[in-house]
Number of protein chains: 2
Amino acid sequence: MSEVRRNTRQRQVILRAVRELGCHPTAEQVYDRVRSELPRTSLSTVYRNLGVLADQGLLSTVAGAGKEVHYDHNREEHCHIRCSLCGRICDVDIFPSDMEGFPPEDLSGFILQEVSINLVGICPACSGKMEKEKTV
Amino acid sequence: MSEVRRNTRQRQVILRAVRELGCHPTAEQVYDRVRSELPRTSLSTVYRNLGVLADQGLLSTVAGAGKEVHYDHNREEHCHIRCSLCGRICDVDIFPSDMEGFPPEDLSGFILQEVSINLVGICPACSGKMEKEKTV
DNA sequence: ATTATAATAGTAATAGTTCCTATTACTGAT
DNA sequence: ATCAGTAATAGGAACTATTACTATTATAAT
Ligand SMILES: [Mn+2]
Ligand SMILES: [Mn+2]
Ligand SMILES: [Zn+2]
Ligand SMILES: [Zn+2]
């Protein structure tokens with residue numbers, strides 16, 4: 001009756017990869033990392049398991065940041081800022097006090113399920129590069 | 001020297017389609033609409049012109065709401081709520097007072113370029129349907 | 001150990017979008 | 001009016017991220 005979920009080596013390694021890569025990897029990046037440990041792992045296995053792990057709440061997805069989905073082992077509520085030049089994604093701490101009175105009452109009759117805030121900007125590395133290029 | 005942009009029939013019709021369709025159409029929906037008036041228009045022409053129009057600031061894109069990009073003729077600053085069941089997107093009015101103190105100061109050294117807030121929920125039509133199904 | 005089936009590798013298929021190329025149609029100058 | 005230069009076009013190929021399919025394998029419960 002119960003959901004008989006097997007604890008496969010692949011799934012363990014995939015979850016560990018997301019945790020160790022840290023900075024919001026894509027499926028492809030997870031795949032590369034996993035293959036350095038389990039070279040026979042397929043990309044579909046990576047996608048399937050990222051999905052399973054997300055279902056289980058062991059990780060979350062960061063969508064709407066470029067066209068690839070990114071994965072996040074950090075399960076605390078937080079939002080993200082993405083570099084428009086290199087695509088890097090960083091966490092932004094956001095406190096309840098920042099969000100007072102939000103979202104607004106009138107949601108056109110919608111029942112609210114989730115709020116996602118995505119910032120876009122230029123990361124320190126990229127703005128550093130731009131400075132250098134100017135002086136050349 | 002200046003950007004000699006032609007005002008083609010296709011581009012006019014595409015912009016009008018976005019305006020008349022109103023509720024944040026996808027490229028495909030614009031395409032269907034445009035073809036009812038200019039049947040020989042190609043999908044690439046629609047994509048290209050939606051891009052051009054966005055560049056010109058005549059419309060904006062709503063990304064991160066499902067996997068398709070949606071287009072918006074409403075040029076005022078506002079955010080969106082998407083129905084997780086049917087994908088419908090509606091405007092949410094958001095006032096400066098709702099956003100006081102946001103975003104936070106500390107952005108990990110990023111230079112902020114834009115803020116996008118996306119809500120997800122269940123639209124009135126879909127929640128209505130769910131009620132009906134329950135009573136059957 | 002046997003069994004039942006969840007999970008896998010490998011590959012095909014899909015969706016949304018972008019790129020490419022030959023052709024068309026404005027625009028502006030002769 | 002003719003012509004040259006070049007945006008813009010149609011049509012289709014290519015691309016990218018993701019999902020679906022299928023035969024095989026590995027795991028957990030008995
Ligand atoms: Mn994060
Ligand atoms: Mn809108
Ligand atoms: Zn960057
Ligand atoms: Zn709905």
Side-chain angles (χ1 to χ4, degrees), chain A residues 1-18 21 24-56 58-72 82 87 89, chain B residues 1-18 24-56 58-72 82 86-87 89:
Chain A
M1 277 298 105
S2 63
E3 313 212 345
V4 191
R5 276 252 128 89
R6 292 186 204 156
N7 191 13
T8 58
R9 184 123 183 71
Q10 283 91 337
R11 185 133 68 225
Q12 291 165 22
V13 174
I14 288 167
L15 178 55
R16 186 147 41 78
V18 176
L21 284 167
H24 311 96
T26 62
E28 195 78 33
Q29 291 169 325
V30 174
Y31 175 63
D32 289 344
R33 172 77 167 223
V34 166
R35 282 180 73 93
S36 71
E37 185 167 343
L38 287 178
R40 312 212 33 181
T41 308
S42 75
L43 183 55
S44 12
T45 295
V46 171
Y47 271 106
R48 185 170 6 84
N49 280 298
L50 288 171
V52 169
L53 292 165
D55 279 350
Q56 294 178 332
L58 293 171
L59 49 79
S60 63
T61 59
V62 184
K67 54 188 63 175
E68 295 154 282
V69 172
H70 294 248
Y71 296 85
D72 193 345
R82 173 177 54 91
I89 293 174
Chain B
M1 276 300 105
S2 64
E3 314 213 344
V4 192
R5 275 255 129 89
R6 292 188 205 153
N7 191 13
T8 57
R9 184 124 183 70
Q10 283 90 338
R11 186 134 68 224
Q12 291 165 21
V13 175
I14 287 166
L15 178 55
R16 186 148 40 77
V18 175
H24 311 96
T26 63
E28 194 77 34
Q29 291 171 326
V30 174
Y31 175 64
D32 289 344
R33 173 78 168 223
V34 167
R35 282 180 73 94
S36 71
E37 187 168 341
L38 288 177
R40 310 213 33 182
T41 308
S42 74
L43 183 54
S44 7
T45 295
V46 171
Y47 271 107
R48 184 171 6 85
N49 280 298
L50 288 172
V52 169
L53 293 165
D55 278 350
Q56 294 179 332
L58 293 171
L59 49 79
S60 62
T61 58
V62 184
K67 53 188 64 176
E68 293 153 283
V69 172
H70 293 249
Y71 296 86
D72 194 344
R82 173 177 54 90
C86 70
I89 293 174

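These values consider heavy atoms only, across backbone and side chains, with no hydrogens, waters or symmetry-generated copies. Throughout, protein chains are lettered first and strands after them, A, B, ... in sequence-line order, and every chain is numbered starting at 1.
- For B:Gln56 and D:dA8, the CD to P distance is 9 Å, given to the nearest whole Å.
- In terms of position on DNA chain C, the residue among A:Lys67 and A:Arg35 whose nearest nucleotide sits closer to the 5' end is A:Arg35.
- Note: CG (B:Leu53) to P (D:dA8) measures 11 Å, nearest angstrom.
- Residue A:Gln10 contributes atom CD, which lies 14 Å from atom P of D:dT25 at whole-angstrom precision.
- Between the NE2 atom in A:His70 and the CG atom in A:Leu59 there is a gap of 14.0 Å [rounded to 0.5 Å].
- Distances were taken from every side-chain heavy atom of A:Thr8 (C-beta onward) to each of C:dA7, C:dT18, D:dG11; the shortest belongs to C:dA7.
- Listed pair A:Arg40 / C:dG10 meets the phosphate criterion, a side-chain N or O lying under 4.0 Å from OP1 or OP2.
- In this structure, CD of A:Gln12 is placed 9 Å from P of D:dT27, rounded to the nearest angstrom.
- Taking atom CZ of residue B:Arg48 and atom C1' of nucleotide D:dA10, one finds them 9 Å apart after rounding to whole Å.
- The shortest distance between the side-chain N/O atoms of A:Tyr47 and the OP1/OP2 oxygens of D:dT18 is below 4.0 Å.
- The side chain of B:Arg6 sits closest to C:dA25 out of C:dT8, C:dA25, D:dA17.
- By the 4.5 Å heavy-atom criterion applied to side chains, B:Leu50 and B:Val18 are counted as neighbours.
- Look at CG on B:Asn49: it is 8 Å from C1' on D:dA8, rounded to the nearest Å.
- Between A:Arg9 and A:Val69, the residue anchored closer to the 5' end of DNA chain D is A:Val69, taking for each the nucleotide with the nearest heavy atom.
- Side-chain N/O atoms of B:Ser44 and base N/O atoms of D:dG12 include a donor-acceptor pair closer than 3.5 Å.
- Ranking C:dG16, C:dA9, D:dT18 by closeness to the A:Thr41 side chain, first place goes to C:dA9.
- If you measure from atom CG of B:Leu43 to atom P of C:dT18, you get 10 Å, rounded to the nearest angstrom.
- At the heavy-atom level, B:Thr26 lies nowhere under 4.0 Å from the strands shown.
- Between A:Arg11 and the phosphate of C:dA7, there is a side-chain N or O to OP1/OP2 separation shorter than 4.0 Å.
- Contact check for B:Val62 versus B:Tyr71: no side-chain heavy atoms found under the 4.5 Å cut-off.
- The nearest whole Å value for the distance from the CG atom in B:Leu38 to the P atom in D:dA10 is 8 Å.
- Residue contacts shown for A:Glu28 are absent, as no nucleic acid heavy atom lies under 4.0 Å away.
- Note that CZ of B:Arg82 and CD1 of B:Ile89 are 7.0 Å apart. Values are rounded to the nearest 0.5 Å.
- Two residues are said to be in side-chain contact when any heavy atoms from C-beta on lie closer than 4.5 Å; B:Val34 and B:Gln10 fail this criterion.
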